[in-house]
Amino acid sequence: MRSDPTVHEAEDLRAATAAVRRHIDAAPEVALILGSGLGRLAEAAHDTTTVPATAIPGYPESTVEGHDGQLVFGALEGTRVVFVQGRVHLYEGYPVQQITMPVRLLHALGARQMLVTNSAGGINRAFRPGALMFITSHLNMAFASPGVGAERPAAPAGAEEASFYDLDWTRRAEQAAQARGLEAHRGTYAWTLGPSYETKAEVRALDRLGADAVGMSTVPEVVQAQRLGMAVLGLSTITNPAAGLAAGGLDHDEVLEVGARVRDDLMALVRDIVQAADA
Ligand code: HPA
């Protein structure tokens, strides 16, 4: 029995789900996988319960010191949410199955909507640092298998053509961004493995392929969520012009600084987006 990987994975997921259910008394509706710096938003949630990764069998442990993995369940804007903290990336050496495991877990716990945010380099010349980009499509330039769980339902016919991103939710989020006076665009996100930034030649290539922004996360989780039938909203903060598109080199401090500058606006917008989730 245990030699069948499908059975194995389903059993592991059941064990993880049962472990989390012992800590919480209400199912989450919206899963929040937020980029670095937005972790503080969890402090704004009410009635929170924190479940450490170490209490969840099979949950990926973050290798980044001080970024212990945990799930924070609570209410934000009257909606049951769960924050995934201590997000892990493929470039840290995890099998992609581990990166997508929290998505399978949150779906099993009841979440049917997922917001994913990230930082990205801008390729589209109209995107200034500090602007936001609602992701409407993506390019998998890591050429990695999305690694979705064996327990997923078979991909529906025409799944490749179906959008990965929920356009109605995105439209409502765009209106919220506009109401806040934020610069927000739509675009295609190219996922590269990282952890190094792209070369100028790679950015030129991505530009020709139709990418508007480039970053090192998000796509595995989105593919998993879509396979499970979850509604997904993807939001990038453009922290810098991608390599070669601005005078001077790409400076990691600049990336962090721009991220910090837009953080408060972004946190307010994430609250609007949660509120718009069930409109
Ligand atoms: N490239 C990849 N990832 C990033 C970038 C970039 O220019 N900026 C922020 N994350």
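Both backbone and side-chain heavy atoms feed into the values below; hydrogens, waters and symmetry mates do not. Whatever order the structure lists them in is the order used to number ligands and atoms, beginning at 1. Residues take their numbers from the sequence shown, with the count starting at 1.
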If we ignore angles and hydrogens, is there a donor and acceptor under 3.5 Å between the side chains of His89 and Tyr94? no
Residues which pass ring-ring contact (aromatic ring centres under 6.0 Å, His included) with Tyr165, listed by chain and number, not counting sequence neighbours: His138
Using distance alone, with no hydrogens and no angle criterion, decide if Thr17 and Arg21 have a side-chain donor and acceptor under 3.5 Å apart. no
Not counting sequence neighbours, list each pair that qualifies as a side-chain hydrogen bond (donor to acceptor under 3.5 Å, both in side chains) and has a residue in residues 119-132. Asn124-Asp212, Arg125-Asp207, Arg128-Glu183
Contact residues of ligand 1, where a non-hydrogen atom lies under 4.0 Å away: Ser119, Ala120, Gly121, Tyr197, Glu198, Val214, Gly215, Met216, Thr239, Asn240, Leu250, Val255
Under the rule for salt bridge (Lys or Arg N to Asp or Glu O under 4.0 Å), what residues qualify as partners of Asp272, not counting sequence neighbours? Arg180
Kindly work out whether a path of hydrophobic side-chain contacts (I/L/V/M/F/W/Y, heavy atoms less than 4.5 Å apart) joins Met133 to Leu115. no
